[in-house]
Amino acid sequence: IEVFNFLNTFGFDEVAASGDYDEYAKNRDRDISHILPFNFIDDTYIFSPKEILKSDGSPYLVFTPFYNSAKNNFKALHLREYMPAKMKLFPFRSNFDFEEFPYFSKLSKEILDPKLVLDSFDLDRYQSLKEIMSIRGTSRLGAHLRFGTIGIRELLRYLAKQKKSGLLTEPFFRQLVFRDFYAYLLYHFPYLSSQNFRHPFKGIPNEFLHSIFIKAKTGVPIVDAGIKELLETGFMHNRVRMICASFYTKHLLLPWQWGASFFAKYLLDFDEASNALSWQWSAGTGVDPQPYFRIFNPYAQSAKFDKDGIYIKQFLPNLKNIEAKILHDEEALFAQNLEDYPKPIVVHKESRERALAYFKGAIRKI
DNA sequence: GGCGCGTTAAC
DNA sequence: TTAACGCGC
């Protein structure tokens, strides 16, 4: 606000800016519009929220029909390029001390030179590598899209170019449309950032369990490794996010809003829509009518996507001498007596049955 | 009104 | 297989 008051004294006519649709963003843009006329440009996501609608004019609630419609409506217009500014207000020099913040010191080079991220992104092998936690198979572009250091249209033009040279771009494009879908849903249903779409499940608040989770002391290696990655780097591999969110909402039966706030605080690529709606997806409270009884088994997940335990051991060095097989074996973990690593706080089978009972009970209460 | 189907699974 | 329901056409 101070910045815009300052600009106003220089005689600026208007602000033209791209924005997003969460409450904070809407309030921010409204406050700015009271100082200078505010011209909102749809340039944060691929589509404007009113561009993709059902034939009756209402918004889609299911991704696949949304995606099909999005592909049909995708035009050259969505690759549009704006003229770069010829003038700068004043030379910008950052005094930000990257070393003071552990994540920033690790990411600073990339943040300062986004091209490094694009260059190191193996788009062609994205589909086959993105699930392997120990491999840098995902794009890592989320933080750039958040801060605008790479724009969505710039990224789309990059994809179009790669497609021309024969690379497989569709799987990654699909994920970008997912990002759009979540922003679109938040635009049409603003309450989704804090409230369930339909289901009555509220979770059972328990600050003790929450504190164990955020301290990476659940005793479930893949969950704790994920939390460590988040705390140490400001990033968490997407599949691990799902495993942690499933564990939090199903095994611990905690309110998804608490988990979402924790992620919001630490994720450098935080996006209100993607974060809240992905947590709702995990909790089974979102727009997705998929069965709520689909509960991730964290041990089966790490056995499948971190077979040799490389990811787990990277973030839980205490476990570096433990055989990988044991890290994916609940019984074996209960049998271990480790000085600096706790036993699991829950038994998978029991938690699963408890969650199923909770959800069945909550459903009957309607 | 009917019918097919749904990002990411588990047992 | 499971068990389930509302969306989208």
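Note on naming: letters A, B, ... go to the chains in the order of the sequence lines (proteins, then strands), and numbering restarts at 1 for each one.
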Look at the side chain of [X] and decide which nucleotide, out of [options], has an atom nearest to it.
| X | options | result |
| --- | --- | --- |
| A/Q301 | B/dT7, B/dT8, B/dA10 | B/dA10 |
| A/L61 | C/dC7, B/dT8, B/dT7 | C/dC7 |
| A/E131 | B/dT8, C/dG8, B/dA10 | B/dT8 |
| A/Q175 | B/dA9, B/dT7, B/dT8 | B/dT7 |
| A/F178 | B/dT7, C/dC9, C/dG6 | B/dT7 |
| A/R239 | B/dT8, C/dC9, B/dT7 | B/dT8 |
| A/K54 | B/dA10, C/dG8, B/dG6 | C/dG8 |
| A/K304 | B/dT7, B/dC11, B/dA9 | B/dA9 |

What is the distance, rounded to the nearest whole Å, between atom [atom1] of [X] and atom [atom2] of [N]?
| X | N | atom1 | atom2 | result |
| --- | --- | --- | --- | --- |
| A/D288 | B/dC5 | CG | C1' | 12 Å |
| A/I295 | C/dT2 | CD1 | P | 18 Å |
| A/Y60 | B/dG6 | OH | P | 15 Å |
| A/L185 | C/dC7 | CG | P | 13 Å |
| A/Q280 | B/dG6 | CD | P | 22 Å |
| A/F247 | B/dA10 | CZ | C1' | 17 Å |
| A/F181 | B/dG6 | CZ | P | 13 Å |
| A/F197 | C/dG6 | CZ | C1' | 10 Å |

When the [atom1] atoms of [M] and [N] are compared, how many Å lie between them, rounded to an integer?
| N | M | atom1 | value |
| --- | --- | --- | --- |
| B/dT7 | C/dT1 | P | 22 Å |
| B/dA10 | C/dG6 | C1' | 23 Å |
| B/dG1 | C/dC7 | P | 16 Å |

**Message:** Salt bridge check, A/R157 against A/E154: does any charged N sit closer than 4.0 Å to a carboxylate O?
**Reply:**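 No, this pair does not count.
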
Respond yes when some side-chain nitrogen or oxygen of [X] is under 4.0 Å from OP1 or OP2 of [N], and no when none is.
| X | N | result |
| --- | --- | --- |
| A/H348 | B/dC11 | yes |
| A/N297 | B/dA9 | no |
| A/R179 | B/dT7 | no |

Classify the angle between the aromatic ring planes of [X] and [Y] as parallel (below 30°), tilted (30 to 60°) or perpendicular (above 60°).
| X | Y | value |
| --- | --- | --- |
| A/F40 | A/Y21 | tilted |
| A/F181 | A/F178 | perpendicular |
| A/H78 | A/F74 | parallel |
| A/F10 | A/F6 | perpendicular |

**Asked** Would one find more than 12 heavy atoms of other residues, nucleotides or ligands at under 6.0 Å from atom NZ of A/K343?
**Response** yes

**Message:** Categorize A/R174 for me: base, sugar-phosphate, or nothing, with a 4.0 angstrom heavy-atom threshold over every strand shown.
**Reply:**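 It contacts base atoms.
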
**Sugar-phosphate, base or nothing in reach of A/Y182, heavy atoms under 4.0 Å** = base

**Prompt:** With both distances under 3.5 angstrom, what nucleotide forms a Watson-Crick or G-U wobble pair with C/dA4?
**Reply:** none

